[in-house]
Amino acid sequence: MKTSATGGNDEILTAAQMQALEKQAMASGMVTGIALMERAGEGVLQAISRQWPDVLAAPGRACILCGPGNNGGDGYVIARLLQGQGWAVTVVALGATDRLPPDAQTNHDRWTARGEVMPWPEAASAMEGADLVIDAVFGIGLTRPLSPAVARVMDQVPRKARRVSVDVPSGILADGQTLTRDAAFPAELAVTFHCRKPVHVALADSGMAVAIADIGL
Ligand SMILES: NC(=O)C1=CN([C@@H]2O[C@H](COP(=O)(O)OP(=O)(O)OC[C@H]3O[C@@H](n4cnc5c(N)ncnc54)[C@H](OP(=O)(O)O)[C@@H]3O)[C@@H](O)[C@H]2O)[C@@H](O)CC1
Ligand SMILES: [K+]
């Protein structure tokens with residue numbers, strides 16, 4: 001698996017095109033969703049190490065914000081991987097955690113066998129003192145603006161933490177129609193999968209770094 005600024009892949013796919021590609025790969029039996037999700041989680045950590053070589057060199061404290069879909073599923077994978085590397089990990093879940101999509105539910109359940117999940121209202125306190133905050137709230141499945149309860153947390157993310165978005169900074173549509181960054185997760189780095197989406201191109205000169213993780217599609 002390689003991650004790099006362009007991942008050697010200069011393609012740009014819309015959310016719908018990406019979802020079709022993933023669906024086709026899974027339908028063809030080439031790969032399972034759970035394998036893609038594991039590769040996504042691994043790819044985020046590899047991209048973090050590439051961006052900031054020191055951050056993952058020694059264990060610290062991480063807070064993972066997990067949403068109600070497969071983007072949240074990636075977050076549960078990352079929580080498990082970081083804990084396996086000795087990190088103190090706090091997970092905060094938005095919404096119910098008993099009816100996630102299957103692959104996300106599997107990874108949620110794997111996580112809860114070894115760690116806690118805090119409810120969303122505790123997000124601000126859960127992020128306090130974190131060295132690393134991972135935004136796994138919404139990815140390419142965002143369909144509408146963030147609710148006030150979610151947008152508020154985006155404002156409370158400690159700026160001294162390293163701030164990484166899984167796939168897309170939560171609050172911005174992957175196809176980049178609404179570029180209102182004010183109500184979005186303040187990502188320093190977004191790690192997207194397979195190739196960039198229009199939002200990554202649109203945010204290129206915003207100061208946010210973009211890495212592409214190859215998930216074998
Ligand atoms: N196998 C794969 O597919 C792989 C997928 N991968 C990962 O999955 C991500 C895509 O996952 P996803 O399609 O589940 O969408 P996601 O972004 O998690 O959110 C959807 C959920 O949020 C909800 N919702 C939307 N807007 C909302 C709002 N404003 N406020 C509140 N809720 C809102 C929406 O609900 P609904 O719109 O149905 O009401 C739905 O429940 C992708 O970005 C990548 O990270 C990787 O692992 C690679 C393999
Ligand atoms: K995200």
Side-chain angles (χ1 to χ4, degrees), residues 1 13-45 47 63-81 92-108 120 133-154 157 163-175 177-178 180-181 183-200 203 208 210-217:
M1 201 128 37
L13 289 183
T14 63
Q17 288 171 323
M18 186 66 197
Q19 284 159 342
L21 184 64
E22 286 166 350
K23 225 185 195 130
Q24 183 203 357
M26 291 184 277
S28 73
M30 179 183 107
V31 68
T32 60
I34 202 77
L36 284 176
M37 191 166 280
E38 196 71 18
R39 293 177 197 170
E42 289 164 350
V44 169
L45 293 185
C63 180
I64 324 285
L65 304 177
C66 290
N70 284 320
N71 196 247
D74 296 351
Y76 290 113
V77 172
I78 293 165
R80 170 168 39 86
L81 297 176
V92 181
L94 174 69
T97 55
D98 57 357
R99 52 179 190 281
L100 299 167
D103 298 336
Q105 192 69 55
T106 300
N107 280 299
H108 164 274
W120 191 258
V133 178
I134 304 275
D135 156 30
V137 187
F138 300 115
I140 59 175
L142 184 78
T143 54
R144 52 194 185 279
L146 299 179
S147 61
V150 178
R152 186 179 318 119
V153 168
M154 300 304 161
V157 179
R163 289 161 272 122
V164 180
S165 280
V166 177
D167 209 357
V168 181
S170 297
I172 302 182
L173 290 174
D175 298 346
Q177 286 103 339
T178 58
T180 52
R181 287 208 74 192
F185 183 85
E188 300 171 281
L189 167 70
V191 187
T192 189
F193 307 115
H194 180 67
C195 71
R196 287 173 297 162
K197 304 345 175 260
V199 65
H200 301 112
L203 290 178
M208 182 185 82
V210 177
I212 298 169
D214 177 355
I215 54 174
L217 286 178

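Whatever order the structure lists ligands and atoms in, that order sets their numbers, starting from 1. Position 1 is the first residue of the sequence, and the numbers go up from there.
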Can you name the closest pair of heavy atoms from [X] and [Y] and give their distance?
X: L203; Y: P169; answer: CD1-CG, 4.3 Å
X: A174; Y: K197; answer: O-CB, 3.7 Å
X: A104; Y: G69; answer: CB-O, 3.6 Å
X: G43; Y: A213; answer: CA-CB, 3.8 Å
X: M208; Y: L189; answer: CG-N, 4.1 Å
X: A136; Y: G75; answer: CB-CA, 3.5 Å

> How many protein atoms of type N/O/S are positioned less than 3.4 Å from the K ion (ligand 2)?
Replying inline: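 Those protein atoms number 8 in total.
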>> Tell me if a side-chain donor or acceptor on N107 pairs with a main-chain N or O of G73 at a distance below 3.5 Å.
In response: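 Looks like no, no N/O pair under 3.5 Å.
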> Donor-acceptor pair, Q24 side chain versus Q19 backbone, under 3.5 Å?
Replying inline: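 Flag not set: sc Q24 to bb Q19 has no pair under 3.5 Å.
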>> A side-chain contact here means heavy atoms from C-beta on lying under 4.5 Å apart; do D74 and I134 qualify?
In response: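 No, every pair of side-chain atoms sits at 4.5 Å or beyond.
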Identify all pairs of nitrogen or oxygen atoms, one from ligand 1 and one from the protein, separated by less than 3.5 Å, and list them with distances.
residue: ligand 1; atom: 3 (O); partner: E22; partner atom: OE1; Å: 3.0
residue: ligand 1; atom: 8 (O); partner: N71; partner atom: N; Å: 3.4
residue: ligand 1; atom: 14 (O); partner: N70; partner atom: N; Å: 2.9
residue: ligand 1; atom: 17 (O); partner: G139; partner atom: N; Å: 2.6
residue: ligand 1; atom: 17 (O); partner: G141; partner atom: N; Å: 2.9
residue: ligand 1; atom: 18 (O); partner: N70; partner atom: N; Å: 3.2
residue: ligand 1; atom: 18 (O); partner: N71; partner atom: N; Å: 2.9
residue: ligand 1; atom: 26 (N); partner: T143; partner atom: N; Å: 3.1
residue: ligand 1; atom: 26 (N); partner: T143; partner atom: OG1; Å: 3.4
residue: ligand 1; atom: 29 (N); partner: R144; partner atom: O; Å: 2.8
residue: ligand 1; atom: 29 (N); partner: P145; partner atom: O; Å: 3.0
residue: ligand 1; atom: 37 (O); partner: T143; partner atom: OG1; Å: 3.3
residue: ligand 1; atom: 37 (O); partner: R144; partner atom: NH1; Å: 3.1
residue: ligand 1; atom: 39 (O); partner: R144; partner atom: NH1; Å: 3.3
residue: ligand 1; atom: 39 (O); partner: R144; partner atom: NH2; Å: 3.3
residue: ligand 1; atom: 43 (O); partner: I140; partner atom: N; Å: 3.0
residue: ligand 1; atom: 43 (O); partner: D167; partner atom: OD2; Å: 2.7
residue: ligand 1; atom: 45 (O); partner: N71; partner atom: ND2; Å: 2.8
residue: ligand 1; atom: 45 (O); partner: D74; partner atom: OD2; Å: 2.7
residue: ligand 1; atom: 47 (O); partner: D74; partner atom: OD1; Å: 2.6
residue: ligand 1; atom: 47 (O); partner: D74; partner atom: OD2; Å: 3.4

